[in-house]
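Below, chain A is the first sequence line, B the second, and so on; all start at residue 1. Small disclaimer: the values here were computed from a predicted structure and weren't measured.
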Amino acid sequence: MAEIVLDNVTKRYPDGALAVDKFSMDIADGEFVILVGPSGCGKSTTLNMIAGLEDITEGELRIAGRVVNNKSPKDRDIAMVFQSYALYPHMTVRQNMGFALKLAKTPQATIDEKVNEAARILDLTQHLDRRPANLSGGQRQRVAMGRAIVRDPAVFLMDEPLSNLDAKLRVQTRTEVSRLQRRLGTTMVYVTHDQTEAMTLGDRLAVMRTGLLQQIGSPHELYESPLNLFVAGFIGSPAMNFMAGTLAEGSLQTAIGNLPLTPALRQALERANVGRQVIVGIRPENFEDASLVKPELRGHGVTFHATIEVVESMGSDVFVYFTQESGLSAGVDQLADLAEDSGKADTGASDETVTARLDAATQIREGENAELWADVRTMHVFDPKSGQNLSLETETGTPAAAAT
Amino acid sequence: MAAVTTTPRQKAGWGTANFVVIALAMIPVLWLASLSFKTPAAVLDPSLIPSQWTLGNYSQILKTSQFIRPLINSIGIGLIATLIAVLFASMAAYAVARLRFPGKGVLIGMSLLIAMFPAIALVTPMFNIERSLGLFNTWPGLIIPYVAFGLPLGIYTLSAFFREIPWELEKAAKVDGATPFQAFTKVIAPLAAPGMVTTAILVFMFCWNEFLFAISFTSTIASRTAPASIAYFSGSSQFTVPTGPIAAAAVVITIPIIIFVVFFQRRIVAGLTSGAVKG
Ligand SMILES: Nc1ncnc2c1ncn2[C@@H]1O[C@H](COP(=O)(O)OP(=O)(O)O)[C@@H](O)[C@H]1O
Ligand SMILES: [Mg+2]
């Protein structure tokens, strides 16, 4: 049981690469925190610094109130699950799980007891005398978890522990991890590049991009009030739609029509003094089939026509895709990062495709020029240069904290 | 299916090639074995199969301490040198494969240099050094140079094996509370065991067959090794060449090496690291 404080923790690799830049975060005792971000953003490096596997270049790391910058992993009372599991191939499952206790010179009886208990929790009892090579992927994953929990550490660190499992097992194991963490009540720092995993698991998420911490918050906060373009586009599935907007006479001109501005938003935009060009973000779930919108709600949004290219019915919802001249110029690096992460850059899907999530009752068909409605109360407006979310200022009344 | 069928012509071609290679390797060995069973009078008989079989050559060499004692020396010196060389080579190879430290390039360069240095150029200075240190004609007098020449060999072979071991295993061991030394001895070394065995075989064979140092740094059977001792064989009279006993000794020397290789090869469990990471 311990809280972790990262105080401007910075990592510069010997080759000069700045992997983590001034990362600050307080992790409370028993909290389940997720580090999330695209591949290469410095998540593993941050975790390894907490574990003591990488030196901290600058800044201070405190676990349970003690500065541990120069402590070796074994003096930090942490357990870690690696992406590759890193099971010892020459040991049986039992020996793998008991290894740490054995090194700590725990009496054999206690080791047996703890290993058996962990095996019971993780449903590994009948595999205790097998070797990792003879286990399935899911079983190996559980052994790796077991190795961590027998130690009863102050902190659990997990580096993409589910990424080697197939999709179905991943969802199942995700639930187990969550249950395990609640049951043990141990502080846990969990790394993933999968925003869905992050949203479903954590108490709090820390979103990273290119070594910089973008935003820390609960899944709800990140979804509702993303501080910048990157967080807005990264959190949420399907991702937020972005299009260019021009401020003119109290409204925002965009490809889907003139979006009315609330007085508060208008004031915020004026205060921010960003010029007339902005980026508008609307989540897929804030679109609706216009014919299904209640008349009293219509006024909160705009209706527009679009030629529907693809309709995907999920049963509970219908996703429709259409193309709009987004008017976004290339060169907004946060958007470029997002495109790269989502694979858009590779598949050639254009930035101009808009995704809308409609009620299952919709009658819209592929190829139809349908009338859609977009709720503007929940739209976000971003500064195209800094990527900062300008619409947040209306909610808090204070300028959004700079993403540091 | 179609891609892997071999025509009879290809089969014949491969068969011939295999036969030639095996024959080239085996003929001298068979010839030596054949010689060792021939009587002194039949040594010049060109037939491969002795017309008259005898164990006389063997009994002659195994009766005298002139060969038995060097054989014991060979085994002792070979095993000790191998043990020391593998021990140090595994630590050095681990450092070379895993750590970034100042002087790494120098270490690799030095070991290459030793491996390439013509041993004959070292004989005279080393002879003088060994004389003044009192190492001449002792076991350590041979063990030390053997370790020195076995190390480069060992470092190269072992660092290749160490590079294959997933680094995360070591990180896991560290997180599990192991000191760097424990991580090495309890996790890395057991996984590198096949590499260590391979290295041990190579180093042992080098020590076992070494002749130049063995003949230069020894003067009596107190430390002379088996290959060197053969040079001191004498015939039944001053004018007979001891061809038969030499052949018999050569066969006897070959046997331990074969046993050593066969015995340890069984320990080389292929794919020991499988199952360590995902898969
Ligand atoms: N040992 C290393 N030496 C130099 N650069 C490294 C090393 N490890 C990682 N990096 C770099 O640091 C950045 C962050 O890496 P990492 O923390 O592994 O990212 P993530 O886990 O988020 O995918 C990457 O740009 C990567 O290339
Ligand atoms: Mg990583």
Enclosure of A:Lys102 NZ (heavy-atom neighbours >12, cutoff 6.0 Å): no

Heavy-atom pair count under 4.5 Å with chain B, highest-scoring of A:Met91, A:Met80, A:Arg151, A:Gln141: A:Arg151

Lys/Arg N to Asp/Glu carboxylate O, A:Lys114 vs A:Glu117, below 4.0 Å: no

Side chain / backbone / both / neither for A:Ile78 at chain B, heavy atoms under 4.5 Å: both

Interface moiety of A:Asp75 toward chain B, non-hydrogen atoms closer than 4.5 Å: neither

Pick from A:Ala79, A:Ser136, A:Ala100, A:Ala144 with the largest number of heavy-atom pairs that fall under 4.5 Å of chain B: A:Ala100

Ring centres under 6.0 angstrom apart (B:Phe149, B:Phe117): no

Donor-acceptor contact present, side-chain B:Thr199 to main-chain B:Gly195, <3.5 Å: yes

